[in-house]
Amino acid sequence: MYSFQYHAPTSLAEANTLFAQADDPIYIAGGMTLIPSMKQRLAQPSDVIDLAAVDELRGVTVNPDSVVVGALTTHNQVAEHQALGSVLPVLAKVAAGIGDNQVRNRGTLGGSLANSDPAADYPAAVVALGATFVTNQRRIHADEFFVDLFETALSPNEIILRVEFPVPQRAAYAKFANQASGYAVVGVLVADFGDSIRVGVTGAGPCAFRACGMEQLLQADFSAGALANSDVPNAGFNSDLHASADYRAHLVRVMGQRAVQKLLEVTL
Amino acid sequence: MRIALSVNGCVHELDVPAHTLLVDVLREHLGLTGTHVGCDTSQCGACTVHADGRAIKSCSLLAVQAQDMAITTIEGIGDAENLHPMQASFREHHGLQCGFCTPGMIMQAIDLVENNSELSNISIRAGLKGNLCRCTGYHNIVRAVQAVADQRKAQGAAE
Ligand SMILES: Cc1cc2nc3c(=O)[nH]c(=O)nc-3n(C[C@H](O)[C@H](O)[C@H](O)COP(=O)(O)OP(=O)(O)OC[C@H]3O[C@@H](n4cnc5c(N)ncnc54)[C@H](O)[C@@H]3O)c2cc1C
Ligand code: FES
Ligand code: FES
């Protein structure tokens, strides 16, 4: 790798100051995306600012109607957290399905979301659950967070502190995983809040989005069959060696049905 | 940069550039060449070591990031006279051929059995997803891990 300055601030204020003073800085959390990108020179920061020692980004709080997860929480910490698993099992399952065990031991919630990889799993969860991001500057609702390919509403120096997840009555995630990496070719998360249904889709487009058409169909008829003939426009969908835009549109429909099927197995 | 790293129970003070990867410190500075580099792109798991008891890919971590962690490498779990049960099981079940993937496989397999009380053929295969082997075809590796998982379960039941 090429050289850069490394900093390990112990407070948010210090992290911000270091960011403001550097030429071309970047934050690092677990490094599971950033270090491979730096090796490939897709990222060449002058200064790497490690968030690991900033306590404001740590901790998991589980309430009956909300779960708050610190940005530095690793995927395995989410997957293995008992109280979280009993209140919001869908989030634990999403985390347990990310990549491989070694990646889950380092990769963090904040890093995954800030990166907005089109094939990442967590974005489907924050969108479908209507989560709220708490940053060092403001609160951002999930509907406004993902902007485009690897692009979010965060400003360059902004730090995700934690994410607040409302707890649905029941929810389920279905992903069609790339067999080599585990990333989602398409992943659909369906959440039933009683008075509303939210559907989050990842993998299909440049960034995660809500499938409002599917939500309406499910409001009218909450069954997998309701999505069987749903019209999923493929406009703007990703097309690459893993899947064409048409195939991704097909997968959105199929994963949507599978998620509903799984969800209905949970009796209220 | 001056860093202090705890590896296999000993603290080492080193002067390395900030961009040095943990795996390079282990291999080049500390001579612990049991940890291998297969891909250098976070895919193959040959570089797997333990950080505070959990498996991580040491090619994907800066050495400076590992300063507050207790690192354990394959050299730290056993030796030729005193094999770790997972090492003994890989030998017993012919879980290796060329041996290149083996240190990483073993470090990941230990994380797997220590953090899962129930392991099946399917969950072992899923648990070894981040480790690639180009020789064995995996069957004997899975048998080796299953045997240790079963032993631990039997011991747990006996206690
Ligand atoms: C082999 C492999 C397989 C993988 N498979 C999957 C998969 O199946 N599904 C999946 O979803 N992901 C997968 N991943 C990606 C993995 O989940 C992400 O790399 C990880 O979650 C990113 O988190 P991190 O903490 O490592 O982020 P880093 O790499 O440290 O950072 C990523 C980006 O986020 C920024 N950032 C980090 N934390 C914050 C914060 N708190 N506030 C603001 N910005 C921040 C950084 O500046 C950087 O730009 C895989 C990765 C690998 C290497
Ligand atoms: S060398 Fe680290 S994962 Fe392959
Ligand atoms: S034994 Fe040769 S790569 Fe696994």
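Because only heavy atoms are used, hydrogens play no part in the values below, and waters and symmetry mates are left out as well, while side chains stay in. Letters A, B, ... mirror the listed sequences (proteins, then strands); counts begin at 1. Worth saying up front: this structure is predicted, and the values here are computed from it rather than measured.
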Whether over 12 other heavy atoms sit under 6.0 Å from [X] [atom1]:
X	atom1	value
Arg27(B)	CZ	yes
Asp23(A)	CG	no
Arg91(B)	CZ	no
Asn178(A)	CG	yes

Side chain, backbone, both or neither: which part of [X] has a non-hydrogen atom closer than 4.5 Å to chain A?
X	value
Gln67(B)	neither
Thr48(B)	side chain
Leu61(B)	both
Met107(B)	neither
Asp40(B)	both
Leu132(B)	neither

Given side chains that start at C-beta, do those of [X] and [Y] come closer than 4.5 Å, heavy atoms only?
X	Y	result
Thr20(B)	Met1(A)	no
Met1(B)	Tyr6(A)	yes
Ser60(B)	Met32(A)	yes
Gln102(A)	Lys129(B)	no
Ile35(A)	Gln65(B)	yes
Pro17(B)	Ser3(A)	no

| query | What part of Ile28(A) is in contact with chain B, defined as an atom under 4.5 angstrom from a non-hydrogen atom: side chain, backbone, both or neither? | reply | side chain

| Max heavy-atom pair count under 4.5 Å with chain A, selected residue of Asn131(B), Val64(B), Thr41(B) | Val64(B)

| field | Polar side-chain atom of Lys57(B) near backbone of Val103(A) as donor-acceptor pair, under 3.5 Å | value | no

| said: Working note: Asn101(A) + Asn115(B), criterion side-chain hydrogen bond (donor to acceptor under 3.5 Å, both in side chains); need CA distance, chi angles, decisive distance, verdict. | reply: CA-CA 11 Å; Asn101(A) 182 55; Asn115(B) 290 292; over 6 Å; no

